[in-house]
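Note sheet for the following structure.
Numbering of ligands and ligand atoms starts at 1, following listing order.
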Amino acid sequence: MQKINNTSLKNYNSFGIDAISSSFNIVNSELEITSFLKETNYTQPIILGGGTNILFKNDVDKDILKINLKGIKIYNETNTYVDVSVGAGEIWDDLVKWSIAKNYGGLQNLSLIPGNVGSAPIQNIGAYGVELKETFLNCRAISIDSGSIKVFKNNECKFSYRSSIFKEELKNKYIISNVTFRLSKKDHQINFSYEPLRDNLIKKNISIPTINDISNSVIEIRSSKLPDPKIIGNCGSFFKNPIISKIDFKNLNQKEKNIPFFNISFNEIKIPAAWLIEKCGFKGLREGNTGTHNKHALIIINLGNATGKEIFDFSQKIKKAVLRKFNILLEEEVNII
Ligand code: EPU
């Protein structure tokens with residue numbers, strides 16, 4: 001374990017916020033995690049993965065535990081699938097690239113999502129018609145209260161849209177140390193139901209895409225509208241897409257025309273937060289050191305030296321404007337510390 005006092009978090013969060021951590025602890029194994037918990041008397045630390053979904057509003061006085069467990073290992077294999085065990089500190093997209101290179105199917109639609117493997121189940125990452133829960137087998141997690149290790153199977157994680165048991169009733173109760181996935185070796189499930197993905201493949205005259213084709217198209221689409229956090233600080237979607245009732249949607253539709261929507265269930269509709277934000281005049285708007293991306297209204301950006309507080313205040317302005325205009329309360333997708 002490596003312990004650093006009073007260090008900047010700038011390189012540890014994709015917003016690039018220069019907050020100071022009074023106690024920054026990098027852990028490389030389950031044993032280091034359990035020893036750390038014991039030493040600190042099982043006090044709740046702030047758990048940091050890739051830092052791609054977190055906004056540091058202020059300097060941090062609590063212990064930060066930076067999860068750095070590495071390793072991608074096949075531990076079970078048949079003619080049709082492989083089970084892969086991955087350290088929580090591996091970079092998500094490195095795992096996706098590894099799987100594509102080996103022609104293992106399942107993760108291709110989730111290409112280029114920023115973040116680490118250990119954070120992926122917490123919010124059930126999803127993109128272009130696919131969610132993590134479709135390939136997730138189980139994860140190992142360490143109880144913050146006792147240091148004991150528990151394996152959570154897929155059905156125990158209560159996955160839902162951008163959520164899981166680790167974001168709800170077990171929030172801040174466990175540290176995920178390892179995740180296992182079941183990936184296909186042949187007859188891959190190819191999903192290009194998401195319209196922009198289908199359009200991209202048609203444009204390239206690809207009618208029967210391979211997992212590599214899907215991955216390339218997803219990378220093209222993401223790169224064309226989502227800013228690279230290495231160049232412009234951001235955390236992807238700042239808010240979740242709100243889910244409203246069909247009755248509320250009908251009322252909304254009478255006031256606003258052509259609202260994009262996705263049917264979720266027989267009485268629920270998901271509408272893009274980006275559309276609501278754009279309609280409130282925030283797309284591409286800049287205010288001081290922050291603003292929204294000019295190609296995507298849901299992405300709040302750091303234009304250089306924004307503080308966490310500045311970004312937070314701007315996000316709350318957006319939230320208020322959407323509430324006033326549409327009577328819809330946006331919920332943050334990013335974790336605010
Ligand atoms: N739209 C606008 N204005 C904009 C951008 C989009 O009106 O500036 C509308 C368009 O109608 C568009 C719709 O919003 O069709 C949806 O936009 P997009 O396809 O970009 O997807 P999203 O709903 O904004 C979600 C995820 C993304 C994921 C994409 C692709 C959430 C909160 N976000 O975004 O995930 O990459 O779908 O599947 O569910 C993330 O979580 O950080 C993230 C980037």
Which ligand 1 atoms are under 4.0 Å away from a heavy-atom of Pro260? 11 (O)
Which of Asn138, Asn76, Asn154 passes side-chain hydrogen bond (donor to acceptor under 3.5 Å, both in side chains) with Thr180? Answer is Asn138
Return the closest protein heavy atom for atom 18 (P) of ligand 1 as residue, atom name and distance. Tyr194 OH, 3.4 Å
Options Leu276, Leu112, Asn294, Asn241, ranked by nearest heavy atom to atom 23 (O) of ligand 1, top entry: Asn241
Which atoms of ligand 1 sit under 4.0 Å from any heavy atom of Gly236? 42 (O)
For the residue pair Thr210 and Asp213, confirm or rule out a side-chain donor-acceptor distance under 3.5 Å. yes
Geometric N/O contact Ala297 with ligand 1, under 3.5 angstrom: yes
Top protein contact for atom 1 (N) of ligand 1, by heavy-atom distance: Ala274 CB, 3.7 Å
Mind listing the closest non-hydrogen atom pair of Lys167 and Gln123 along with its distance? NZ-CB, 4.1 Å
Taking atom 38 (O) of ligand 1 as the reference point, the nearest protein heavy atom with its distance: Tyr128 N, 2.8 Å
Take every heavy atom of Arg222, measure it against each atom of ligand 1, and state whether any distance is under 4.0 Å. yes
For the residue pair Phe261 and Trp275, establish whether any side-chain heavy-atom pair is separated by less than 4.5 Å. no
Those atoms of ligand 1 less than 4.0 Å from some heavy atom in Phe239: 32 (C)
Is any side-chain heavy atom of Tyr12 closer than 4.5 Å to a side-chain heavy atom of Phe24? yes
Tell me whether the NZ or CZ atom of Lys57 lies within the 45° cone about the ring axis of Phe312 and under 6.0 Å from its centre. yes
Do me a favour and list the nearest non-hydrogen protein atom to atom 20 (O) of ligand 1 with residue, atom name and distance? His296 NE2, 2.7 Å
Can you find a protein heavy atom under 4.0 Å from atom 35 (O) of ligand 1? yes
Distance below 4.0 Å between atom 10 (C) of ligand 1 and any protein heavy atom? no
Quick check: is Leu37 connected to Ile46 through a chain of hydrophobic side chains (ILVMFWY, heavy atoms under 4.5 Å apart)? no
Number the atoms of ligand 1 from 1 as they appear, then name those within less than 4.0 Å of a heavy atom of Glu278, with their elements. 2 (C), 3 (N), 4 (C), 7 (O), 8 (O)
Under the 4.5 Å side-chain heavy-atom rule for ILVMFWY, direct or indirect, which residues accompany Ile301? Leu226, Ile231, Ile232, Ile299, Leu303
Identity and separation of the nearest protein heavy atom to atom 41 (O) of ligand 1: Arg162 NH2, 2.8 Å
Answer with yes or no whether Lys225 contacts ligand 1, where contact means a heavy atom under 4.0 Å from a ligand atom. yes
Test applied, side-chain contact (heavy atoms from CB on, under 4.5 Å); reference residue, Ile144; option that passes from Ile33, Leu65, Ile175, Leu170: Ile175
Give the residue, atom name and distance (to 0.1 Å) of the protein heavy atom nearest atom 16 (C) of ligand 1. Pro272 CB, 4.0 Å
Identify, by atom number and element, the atoms of ligand 1 in contact range of Leu298, meaning under 4.0 Å from any of its heavy atoms. 24 (O)
If we number the atoms of ligand 1 from 1 as shown, the ones under 4.0 Å from a heavy atom of Tyr161 are 31 (C), 32 (C), 39 (O)
Lys38 charged N/C atom sitting above Tyr42 aromatic ring, 6.0 Å / 45°: no
Are the side chains of Ile20 and Ser8 in touch, meaning some heavy atoms are under 4.5 Å apart? yes
Should one rank Pro242, Ser237, Gly284 by closest heavy-atom distance to atom 42 (O) of ligand 1, which comes out on top? Ser237
Looking only at protein heavy atoms, what sits closest to atom 7 (O) of ligand 1 is Trp275 CA, 3.2 Å
Only heavy atoms of Lys283, strictly under 4.0 Å: list the atoms of ligand 1 that pass. 4 (C), 8 (O)
Here's one to test your reading of the geometry: is the NZ or CZ of Arg198 within 45 degrees of the ring axis of Phe192 and under 6.0 Å from its centre? no
Non-neighbouring partners of Glu331 that pass side chain to side chain contact (heavy atoms under 4.5 Å, CB included), sequence neighbours left out: Lys240
